[in-house]
Amino acid sequence: MEYNFTDIEKKAKDKWAKEEVYKVSNDSDKPKCYILDMFPYPSGAGLHVGHPLGYIASDIYARYKRLCGYNVLHPMGFDAFGLPAEQYAIETGQHPAVTTEKNIARYREQLDNIGFCYDWSRAVRTSDPSYYKWTQWIFLQLFHSWYDRKANKAKPIKELVAIFEKEGNGNIPSPGNDALRFDSVQWKDYSEKEQRDILMQYRLAYQGYAQVWWCEALGTVLANDEVVNGVSERGGHPVERKNMRQWFLRITEFADRLLTSLDILEWSEAMKEMQRNWIGKSNGAEVKFDLSSGEVSLTVFTTRPDTIFGVDFMVLAPEHELVDSITTPEQNKAIQDYKTYVKSRSERERMSEVKQVTGCFTGAYAIHPFTQKQVPVWISEYVLAGYGTGAIMGVPSGDERDHAFAKHFNISITNIFGSRYTGEEAYSSKTDIIENSDFLSGLSIPDATEAAINKLEDLDAGKRKVNFRLRDAGFSRQRYWGEPFPIIYVDDIPYGNDEPIIHNNHDLGKLPVELPHVDSYSPGPEGQGPLANIQDWVETEAGERETNTMPGYAGSSWYFLRYMDPHNDNEFASRKAIDYWNQVDLYIGGTEHAVGHLLYSRMWTKALCDLGYIGFDEPFKKLLNQGMIQGQSYFAKHITATNKNGVSHNFFISYQNSEKETINWNGENYTIKKNIPFSNFRIRYAHLFVDTKDRITRKSLKEIFEIEHVNPKNIEDNLMDFIWDGITEDGEQYIQCKLEVEKMSKSKYNVVNPDDIVAQYGADTFRMYEMFLGPLDASKPWDTKGIEGVHRFLKKMWRLYADEQTGWIVNNEPATDAELRILHKTLRKISEDIERFSFNTSVSQFMIAVNELSTLGCHKRAILEPLAIAICPFAPHMAEELWQQLGPDSYRDGSVTQSTFPQYEERYVTESAKMYPVAVNGKTRIEMEFPLDAEPATIEKEVLADETIQKWLEGKTPKKFIYVKGKMINVVV
RNA sequence: GCCCUGGUGGCGGAAUUGGUAGACGCGCAGGACUUAAAAUCCUGUUUGCCGUAAGGCGAGUACGGGUUCAAUUCCCGUCUGGGGCACCA
């Protein structure tokens with residue numbers, strides 16, 4: 001009876017489906033455990049072998065926890081709104097709902113193939129109206145909330161209105177407009193529009209302005225992704241930055257809490273560090289510089305107020321609101337030209353360009369608050385409008401970029417660091433003494449910082465300020481395939497559709513606001529989204545609908561809550577279910593979500609917690625990052641060569657042979673053209689055809705062309721251009737390729753589909769091989785060749801239970817000590833490894849156990865039954881079959897997936913003696929065995945008496961004797 | 001450019017807390033079984049030198065330094081691969 005994985009896996013899957021073994025109840029006496037995978041976006045390309053890596057890991061952990069007696073919630077769903085589906089719709093005319101449905105069905109099929117233990121009855125998809133109903137509802141809660149800085153929590157906006165009616169906003173400055181001041185009388189006198197405009201400056205979901213990529217030719221707004229090398233990806237049209245009215249989430253109000261509560265999370269330090277850097281808290285000061293023209297002043301933010309006497313110029317962001325008004329007539333043309341240039345530049349380019357300094361003088365001068373010195377005011381792209389105040393003070397002797405700027409524009413540099421500033425580069429040490437700085441001279445940097453801020457505050461020329469790099473999150477997209485906003489404009493004032501003015505007398509209050517069908521995905525007028533084209537939908541009895549849609553991260557910011565109670569039509573999830581499942585205990589996903597999704601969902605969780613809907617303010621207690629599985633691509637060289645008549649021809653040639661001078665082709669000599677860049681030629685799908693020496697034979701390349709449906713007549717022509725410069729042992733012509741490891745992607749022709757692997761080797765082999773490739777968090781290349789080893793291991797394990805000829809061979813003989821030792825060592829290692837998510841070493845341990853049990857010829861139930869359960873998290877299908885066969889009459893009630901993980905017993909594992917490596921001066925010379933409870937003195941005596949050790953001591957007296965119990969012995973001479 | 005992260009045999013990787021570097025697997029080489037193949041099993045496989053052999057000596061975890069009785073592990077510097085950088089998800 002051989003290991004027939006196809007039958008075994010089908011049988012197990014049918015059983016699990018029939019008995020609904022993965023159905024999870026919200027009512028249980030068992031302790032709960034919530035294990036979650038990051039939401040996949042169902043792309044048209046389907047899953048490749050890299051995607052399931054994290055899913056397999058969480059599946060193993062979930063199955064293990066179930067076997068250990070936990071009630072485990074392990075759901076899966078789809079992040080189904082997004083740009084690629086819309087892009088595809090624009091190209092093919094197919095409705096995103098149709099293609100998304102198709103893609104989800106494909107994903108589901110591929111996932112099922114691998115044998116995950118998801119409770120599919122809880123699946124959600126963000127594009128489902130019954131789901132986005134609640135995304136819209138949460139948006140409305142944010143819209144109707146503000147952030148109380150004193151209480152440090154989000155509160156209903158009604159409470160804020162009550163305060164305004166009583167005392168105005170004297171105690172509650174607006175986060176959106178610091179200068180805004182009014183008292184209760186003024187508030188009551190304001191019109192409805194004025195009041196709503198003010199409230200907008202407090203709401204957690206609010207409207208403001210942001211820059212977007214605008215493409216005039218396409219008449220639409222483009223995502224960063226769609227802008228390549230400064231032009232639109234589609235069509236290559238010019239693009240520029242354009243200011244547009246947008247929805248935002250006021251995540252900046254949560255900045256401090258998002259920062260401090262990182263400390264209690266079990267995330268990798270790297271991940272926390274990335275979030276900390278993203279939030280970017282910095283202490284410093286705001287400094288006010290009056291302009292020499294007198295009317296206005298500039299406010300800058302600086303983290304180095306101690307360097308204020310080193311200020312030689314000021315720089316404003318080109319978008320700064322004062323630029324036009326302060327620019328002198330003589331400089332106006334230059335400034336406008338420069339601003340046009342900056343419009344074409346992405347933020348990334350602006351920040352990363354260090355070699356080429358650009359900027360423009362406004363003609364204005366600012367007055368130094370201490371020295372009254374006049375300093376020129378410039379604009380430059382390296383200052384960003386969104387950070388700090390959008391203006392900086394230039395201190396060239398202490399800041400590299402300021403230094404480069406001053407050098408480039410010949411601005412004279414004030415030295416405040418004495419001899420430590422060389423004149424060649426800025427002196428940016430943060431632990432030093434300030435010089436040449438009036439009352440700050442001689443002070444250390446921290447002291448000078450304090451003194452400078454105090455003086456600024458005395459003079460009313462500045463104040464202490466904490467600044468965050470974090471910016472409010474843009475929440476509008478001028479797109480079709482996303483959640484519509486539950487917002488209606490009445491006389492240009494936005495109202496939530498749950499407000500009386502909207503739903504009184506109108507049937508407009510209900511959620512969800514369904515995404516209407518469209519026939520065309522072309523943009524609306526003036527950069528609006530496609531929804532703006534549907535007049536019938538936009539115009540309502542109450543007013544006009546918002547035509548933007550929400551961004552991709554809206555639905556994924558709260559989906560982990562919906563899984564707890566996915567069919568609830570009255571609430572986003574019942575409080576009982578939320579209290580029971582609570583935080584996600586383990587969250588597995590890629591690092592690419594480090595600062596996007598993971599930050600937004602933390603904010604949403606905090607807001608929902610503050611508003612009293614949930615009882616915890618951090619969504620993901622423990623977070624693990626899986627690495628990427630990369631693809632293998634093979635390259636030949638593409639060269640140009642010329643014959644004696646000057647006729648040139650392009651060839652493909654073995655990678656290393658492109659250095660040759662001449663080649664022979666069709667009986668003629670060709671000279672390889674040097675000094676033209678040799679390009680790499682990607683051989684498509686080569687990973688399926690290369691031999692073990694990275695060679696492609698003429699024969700196998702022909703097969704590739706056949707797969708790619710090249711016209712058979714052309715295959716021979718195509719093969720003509722290859723210079724077959726090698727002959728294999730079997731007499732095949734070949735070309736030597738170069739292997740490169742890169743991202744697995746359809747466009748790189750290097751993807752491996754898990755379906756193919758499962759068909760060939762079975763899901764159990766696939767699961768174990770993915771884990772065996774290496775540590776979960778490491779990136780590593782996929783290599784199908786290595787899977788044989790894992791497959792052989794499963795077959796070998798199978799043979800412990802069944803003989804190919806005689807069938808089941810498990811017996812009831814008592815197990816020997818040696819066999820029990822192997823079993824319990826394995827159980828211990830597996831349990832420990834699973835708890836620390838080291839699945840690759842678990843697989844190794846199973847291999848070791850099976851090798852050893854095979855050598856001992858062990859077919860005993862006492863050993864093999866626990867072993868079958870132990871491998872269940874990894875190879876559940878095989879485990880099910882083995883466990884069933886071990887049952888009383890070859891069929892048990894229930895499933896191995898619901899049995900109990902065997903506990904290891906210490907008594908079978910402990911050893912009494914240890915073979916110690918004995919080293920002299922750190923170099924291991926011999927091994928000696930000692931009992932673990934031996935006296936150190938005895939050991940020392942015996943070691944020093946040993947012949948080999950004596951030889952290495954060369955008669956010298958040992959200086960030191962090091963004995964680490966259970967580890968090693970070292971004699972120092 | 002900035003932030004995060006990695007670099008160990010021909011390849012994927014192991015070494016869990018500073019304690020025998022290379023477990024386990026692939027590949028490769030040789031062998032057994034077989035008419036043959038598949039499957040399976042056995043042996044060897046970091047590298048240099050010495051030795052017929054058993055074995056012995058030395059080097060070695062990207063590179064250069066340092067701390068330590070002891071460094072793949074800790075510290076400093078350099079090179080280099082990957083991820084992110086706010087509208088891809």
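Letters A, B, ... mirror the listed sequences (proteins, then strands); counts begin at 1. All values derive from a computational prediction rather than experimental measurement.
- Candidate nucleotides B:G83, B:C88, B:C57 were compared by shortest atom distance to the side chain of A:Trp952, and B:C57 ranks first.
- Residue A:Pro40 is classed as having no contact, given no heavy-atom separation below 4.0 Å to the nucleic acid.
- Contact check, A:Arg925 against B:G58: a side-chain N or O comes under 4.0 Å of OP1 or OP2.
- Residue A:Asp833 is classed as having no contact, given no heavy-atom separation below 4.0 Å to the nucleic acid.
- Within the 4.0 Å cut-off from OP1 or OP2 of B:C2, not a single side-chain nitrogen or oxygen of A:Arg348 is found.
- In the model, A:Asn750 has a side-chain atom that pairs as donor or acceptor with a side-chain atom of A:Ser633 under 3.5 Å.
- Donor-acceptor pairing under 3.5 Å, judged by distance alone, is absent between the side chain of A:Lys923 and the base of B:U20.
- For the OP1/OP2 pair of B:C26 and a distance below 4.0 Å, the side-chain nitrogens and oxygens of A:Arg792 include at least one atom meeting the criterion.
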Working for side-chain hydrogen bond (donor to acceptor under 3.5 Å, both in side chains), residues A:Asn851 and A:Lys796: CA-CA 8 Å; A:Asn851 286 344; A:Lys796 192 167 180 178; 2.9 Å; yes
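- Between A:Asn970 and B:U20 there is no side-chain polar atom (N or O) within less than 4.0 angstrom of OP1 or OP2.
- OP1 and OP2 of B:U20 both lie 4.0 Å or more from every side-chain N or O belonging to A:Lys967.
- The phosphate of B:A89 (OP1 or OP2) has no side-chain N or O of A:Arg477 nearer than 4.0 angstrom.
- Of the N and O atoms on the side chains of A:Thr826 and A:Gln845, at least one donor lies less than 3.5 Å from an acceptor on the other residue.
- A:Phe81 pairs in a ring-ring contact (aromatic ring centres under 6.0 Å, His included) with only one of the listed residues (A:Trp481, A:Tyr131, A:Tyr41, A:Phe39), which is A:Trp481.
- Position along RNA chain B of the nearest nucleotide to A:Glu832 versus A:Lys795 favours A:Glu832 as the more 5'-ward residue.
- Among the protein residues, A:Asp783 comes within range of no part of the nucleic acid, since none of its heavy atoms lies under 4.0 Å from any strand.
- Between A:Asn277 and the phosphate of B:C2, there is no side-chain N or O to OP1/OP2 separation shorter than 4.0 Å.
- For A:Phe793 and A:Phe772, the ring centers are positioned 6.0 Å apart or more.
- Shown here, B:U20 forms no base pair; nothing in the strands shown gives a Watson-Crick or G-U wobble contact with both key distances under 3.5 Å.
- Rounded to the nearest Å, the gap between the C1' atom of B:A71 and that of B:G64 is 16 Å.
- Closest to the side chain of A:Ser844, out of B:C87, B:A23, B:C3, is B:A23.
- Comparing the C1' positions of B:C24 and B:G9 gives a spacing of 15 Å, expressed to the nearest Å.
- Here the side chain of A:Arg799 is nearest to one of B:A89, B:C41, B:G13, namely B:C41.
- Of the candidates B:G13, B:G83, B:U20, the closest approach to any side-chain atom of A:Lys743 belongs to B:G83.
- Side-chain proximity of A:Arg836 to B:G19, B:C4, B:A15: nearest is B:A15.
- For B:C87, its base sits under 3.5 Å from the side chain of A:Gln246 at one donor and acceptor pair at least.
- A:Arg479 comes within 4.0 angstrom of no nucleic acid atom, judged by non-hydrogen atoms across all strands.
- Ring-plane geometry between A:Trp782 and A:Phe766 is classed as tilted, the angle between the planes lying from 30 to 60 degrees on a 0 to 90 degree scale.
- Using a 4.0 Å heavy-atom criterion, one finds that A:Ser476 contacts the bases of the nucleic acid, with or without backbone contacts as well.
- Between A:Lys796 and the phosphate of B:C41, there is a side-chain N or O to OP1/OP2 separation shorter than 4.0 Å.
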